[in-house]
Amino acid sequence: MAKGIIRTINGPIISVREETPSFFVSELVMIQHDNKHLPGEVIALHTHRVIIQLFEDPTGLTAGLTVMGTGHPMSVHLRPGIVGNIFDGIQRPLHVEKHISGRSLTLPPKKHSQDQTTPKWHTNITVAVGQHISAGDTFAEVQETPAITYRAMVPPGMSGTVESCLPSGSYTTDTALVTLITQDGPQDLSLSQRYPIREPRPISARMAPSRPLITGQRIIDSLFPIAKGGTAAIPGGFGTGKTMTQHQIAKWADADIIVYIGCGERGNEMTEVLEDFARLMDPRTGKPMLARTILIANTSDMPVAAREASIYTGMALAECYRDMGYHVALMADSTSRWAEALREISGRLEEMPAEEGYPAYLASRLGSFYERAGYVQTLSGAEGSITVVGAVSPQGADFSEPVTQNTKRFVRCFWALDRQLAYARHFPAIDWMGSYTGYTSDLDPWLTQNVGPAFPELRTRILEILQEESSLMEIAKLIGADTLPSRERLVLAIARVIRLGFAQQNAYHPTDVYTPLARQQTMMEIILHLYDTCQSLLDTGLEMDSIQKGGIFECVIAAKYKDIDNEDEMRQGYFNEINGFSERVVAL
């Protein structure tokens with residue numbers, strides 16, 4: 001076992017004199033101090049000198065303390081009981097304390113006593129003696145939550161024949177359930193396994209994204225969709241709604257599991273997520289949202305080194321459930337706080353800084369994180385996916401800063417939040433002129449088949465109207481909107497209907513909070529039918545003033561609040577209302 005002595009301490013960066021030359025990069029180490037073992041990770045090796053980042057507050061540490069290697073890399077502990085719980089950046093369980101000093105998150109006591117009542121899980125053994133199994137195959141199943149079945153899999157790189165196995169029953173996570181005869185000899189398999197957080201789990205094949213991640217947010221699903229297995233960034237300044245947008249996606253997305261990483265965020269925000277998800281019912285299962293959610297919290301007052309590790313911890317957990325055949329949505333809030341932690345550690349290592357003080361390897365680290373997303377075929381032949389949505393918090397809403405610019409290189413979906421929209425209480429505050437998606441061509445076949453053949457054309461027409469409005473607004477600011485010709489004024493009026501009646505969404509309204517894809521198509525059809533009808537009225541010689549007096553625009557804007565289950569009934573009702581309005585205007 002590797003052993004060393006602390007030489008210098010520079011915040012979370014510790015230099016160790018190597019006594020036993022067997023440390024390795026990314027190894028988990030323990031520092032013995034005051035009858036406690038503080039965790040750290042090896043990040044650099046020199047001749048007889050080891051550099052470690054400490055995942056705890058270094059207060060009280062002194063030179064001369066002993067550092068012991070564990071012999072295995074920094075890893076996540078894979079076992080039943082992960083879903084529905086909240087952990088810190090290195091997967092230690094967190095306690096949520098209320099009514100003490102507001103709402104806060106605290107680490108458990110440093111001194112851990114062995115739990116005398118280790119929980120047992122009812123386990124269904126799925127293999128038999130003599131059966132040959134290989135990496136990724138399931139050998140046991142546990143009903144982890146009412147919504148999720150935990151599948152214990154053969155670790156990557158292992159295969160063999162089952163020599164013996166226990167019958168189905170209740171066991172602890174450390175109980176040897178299956179004995180496997182491999183080339184390296186007998187291997188015991190249990191519900192508990194470890195996997196390095198910085199090493200991507202192997203897959204059988206990477207598949208093209210072809211199915212959308214349905215979020216129920218109209219501006220996302222219809223105008224800037226993301227595929228399952230895709231990547232997206234939500235950049236925005238302070239107060240523009242990054243966290244709330246991610247909350248809405250996490251609550252309503254049709255993913256099997258949500259991994260929410262609060263990286264450097266405020267503790268009360270993470271507690272709010274925990275409370276909301278415990279109360280909110282999953283519309284698909286009827287169970288609490290927490291029954292399919294994993295929370296990773298490294299709040300702004302927690303150790304900075306653990307913040308750097310938190311997104312890898314969340315990704316490793318997401319990959320584990322992806323390999324079980326689940327579709328996982330990972331929310332990283334925010335990658336800017338993670339990059340700041342990376343910058344602080346780099347500065348303490350005295351590395352050469354790049355732009356704005358960030359390390360030169362910022363881009364490669366961001367790339368290695370986002371590239372672990374994808375729609376894949378697992379080693380067992382199942383299909384699973386990880387969709388990554390990362391929030392970016394550029395200072396002063398400056399999208400030219402390094403984290404935003406480097407993130408754009410690795411994501412295909414960019415939902416830019418606009419401060420003016422947020423100040424106008426227009427949420428989600430996604431700027432339709434500054435946002436884009438690269439998944440439309442991949443998703444259009446699915447949308448055409450499962451929603452309607454007109455869906456791609458409807459989206460194109462809606463975006464064209466919004467783009468035309470943006471051009472006309474420059475002229476309207478100079479000469480006034482009332483002086484524009486009637487056709488240009490109609491574009492501005494319909495664009496207002498799109499903005500208020502379609503792009504804007506009320507997270508507190510029971511009907512407007514979530515919109516299925518079929519209803520989104522119906523709403524676009526209603527808006528465009530109004531546009532076409534008004535154009536026909538202008539062709540007859542009517543003026544825009546006469547059309548606006550009828551109140552039809554406000555009627556269509558209010559359609560988003562209508563609780564109508566039958567889409568055909570809703571479409572026909574509004575078409576009749578618009579056609580009746582047209583006849584009344586012509587008659588007058």
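Values reported hereafter were calculated over all heavy atoms of this structure, with side chains retained and with hydrogens, waters and symmetry mates removed. Bear in mind the structure is a predicted one, so any value in this text is a computation, not a measurement.
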Counting only N and O atoms by type, is there a donor-acceptor contact under 3.5 Å from the side chain of [X] to the main-chain atoms of [Y]?
| X | Y | value |
| --- | --- | --- |
| Ser75 | Pro73 | yes |
| Asp221 | Pro225 | no |
| Glu144 | Gly81 | yes |
| Asp323 | Cys320 | no |
| Gln405 | Pro402 | no |
| Thr387 | Ala329 | no |
| Glu27 | Gly71 | yes |
| Thr123 | Trp121 | yes |
| Thr145 | Ala147 | yes |
| Thr70 | Leu28 | yes |

Rounded at 0.5 Å granularity, tell me how far [atom1] in [X] sits from [atom2] in [Y].
| X | Y | atom1 | atom2 | result |
| --- | --- | --- | --- | --- |
| Tyr370 | Ile311 | OH | CD1 | 8.0 Å |
| Leu94 | Leu295 | CG | CG | 9.5 Å |
| Met281 | Lys251 | CE | NZ | 12.5 Å |
| Thr515 | Gln217 | OG1 | CD | 7.5 Å |
| Met331 | Ile296 | CE | CD1 | 14.0 Å |
| Phe24 | Ser22 | CZ | OG | 9.0 Å |

Determine the minimum heavy-atom distance between [X] and [Y], stating which atoms define it.
| X | Y | value |
| --- | --- | --- |
| Tyr150 | Arg79 | OH-N, 3.3 Å |
| Thr179 | Pro186 | CG2-CB, 4.3 Å |
| Arg307 | Arg337 | CD-O, 3.4 Å |
| Pro303 | Phe55 | CG-O, 3.5 Å |
| Ile214 | Tyr514 | CG2-OH, 4.0 Å |
| Ala135 | Leu379 | O-CB, 3.4 Å |

Task: Partners meeting side-chain hydrogen bond (donor to acceptor under 3.5 Å, both in side chains) with Ser380 (sequence neighbours left out) - done: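 Checked Ser380 against side-chain hydrogen bond (donor to acceptor under 3.5 Å, both in side chains); matches are Thr378.
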Are any of the side-chain nitrogens in [X] or [Y] under 4.0 Å away from the carboxylate oxygens of its partner?
| X | Y | value |
| --- | --- | --- |
| Lys228 | Asp254 | yes |
| Glu56 | Arg92 | yes |
| Arg292 | Asp256 | no |
| Arg198 | Glu308 | yes |
| Asp442 | Arg412 | yes |

Could you check whether [Y] and [X], counting side-chain N and O atoms only, form a donor-acceptor pair closer than 3.5 Å?
| X | Y | value |
| --- | --- | --- |
| Tyr260 | His247 | yes |
| Asp184 | Thr182 | no |
| Glu41 | Gln53 | yes |
| Thr66 | Gln32 | no |

Answer whether the closest heavy-atom distance between the side chains of [X] and [Y] falls below 4.5 Å.
| X | Y | value |
| --- | --- | --- |
| Val50 | Ile52 | yes |
| Ser385 | Arg322 | no |
| Gln91 | Ile82 | yes |
| Ile148 | Tyr326 | yes |
| Ile234 | Gln246 | yes |
| Ile51 | Ile13 | yes |
| Leu417 | Pro235 | no |
| Trp446 | Asn450 | yes |

Open item on the list: Could you check, using the six-membered ring where one of them is a Trp, whether Tyr195 and His77 have ring centers closer than 6.0 angstrom?
Closed with: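 Ring-ring flag for Tyr195/His77: false, centres at least 6.0 Å apart.
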TODO: Check the pair Ile31, Met68 against side chain to side chain contact (heavy atoms under 4.5 Å, CB included), reporting the backbone distance first and the verdict last.
DONE: CA-CA 6 Å; Ile31 299 175; Met68 301 296 295; over 6 Å; no
Open item on the list: Under the criterion salt bridge (Lys or Arg N to Asp or Glu O under 4.0 Å), I'd like the reasoning laid out for Asp333 against Lys242: C-alpha separation, chi angles, the key distance, then a yes or no.
Closed with: CA-CA 8 Å; Asp333 185 17; Lys242 297 182 297 298; over 6 Å; no
Task: NZ or CZ of Arg211 within 45° of Tyr375 ring axis and under 6.0 Å - done: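 Not satisfied by the 6.0 Å and 45° rule.
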- [ ] State whether Tyr312 and Arg372 meet the cation-pi test: NZ (Lys) or CZ (Arg) under 6.0 Å from the six-membered ring centroid, and within 45° of the perpendicular axis.
- [x]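 Pair Arg372/Tyr312 does not count as cation-pi.
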- [ ] Evaluate side chain to side chain contact (heavy atoms under 4.5 Å, CB included) for Asn406 paired with Tyr358, printing each intermediate quantity in order.
- [x] CA-CA 12 Å; Asn406 283 300; Tyr358 289 103; over 6 Å; no
TODO: List for me each residue that meets ring pair (Phe, Tyr, Trp, His ring centres under 6.0 Å) alongside Phe410, sequence neighbours excluded, and say none if there are none.
DONE: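 Scan of Phe410 (ring pair (Phe, Tyr, Trp, His ring centres under 6.0 Å), adjacent residues dropped) gives none.
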Open item on the list: For Glu141 and Thr149: C-alpha separation, side-chain torsions, deciding distance, then whether side-chain hydrogen bond (donor to acceptor under 3.5 Å, both in side chains) applies.
Closed with: CA-CA 7 Å; Glu141 292 182 346; Thr149 299; 6.0 Å; no
Task: Tyr436 and Phe414 aromatic ring geometry - parallel, tilted or perpendicular at 30°/60° bounds - done: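 If you compare the ring of Phe414 with that of Tyr436, the planes turn out parallel.
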Open item on the list: With side-chain contact (heavy atoms from CB on, under 4.5 Å) as the test, pick out the partner of Leu342 among Leu362, Leu366, Val403, Thr335.
Closed with: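 Exactly one option meets the side-chain contact (heavy atoms from CB on, under 4.5 Å) with Leu342, and it is Leu362.
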Open item on the list: Go through it in stages, so that I can follow the logic: the residues are Arg348 and Glu344, the test is side chain to side chain contact (heavy atoms under 4.5 Å, CB included), and I'd like the CA-CA distance, side-chain angles, deciding distance and then a yes or no.
Closed with: CA-CA 6 Å; Arg348 293 183 182 275; Glu344 179 175 338; 3.6 Å; yes
TODO: Just do the side chain to side chain contact (heavy atoms under 4.5 Å, CB included) check on Val83 and Thr293 with the steps written out, would you?
DONE: CA-CA 6 Å; Val83 178; Thr293 304; 5.9 Å; no
- [ ] Would you please test Thr172 and Thr175 for side-chain hydrogen bond (donor to acceptor under 3.5 Å, both in side chains) and show each step?
- [x] CA-CA 6 Å; Thr172 63; Thr175 302; 2.8 Å; yes
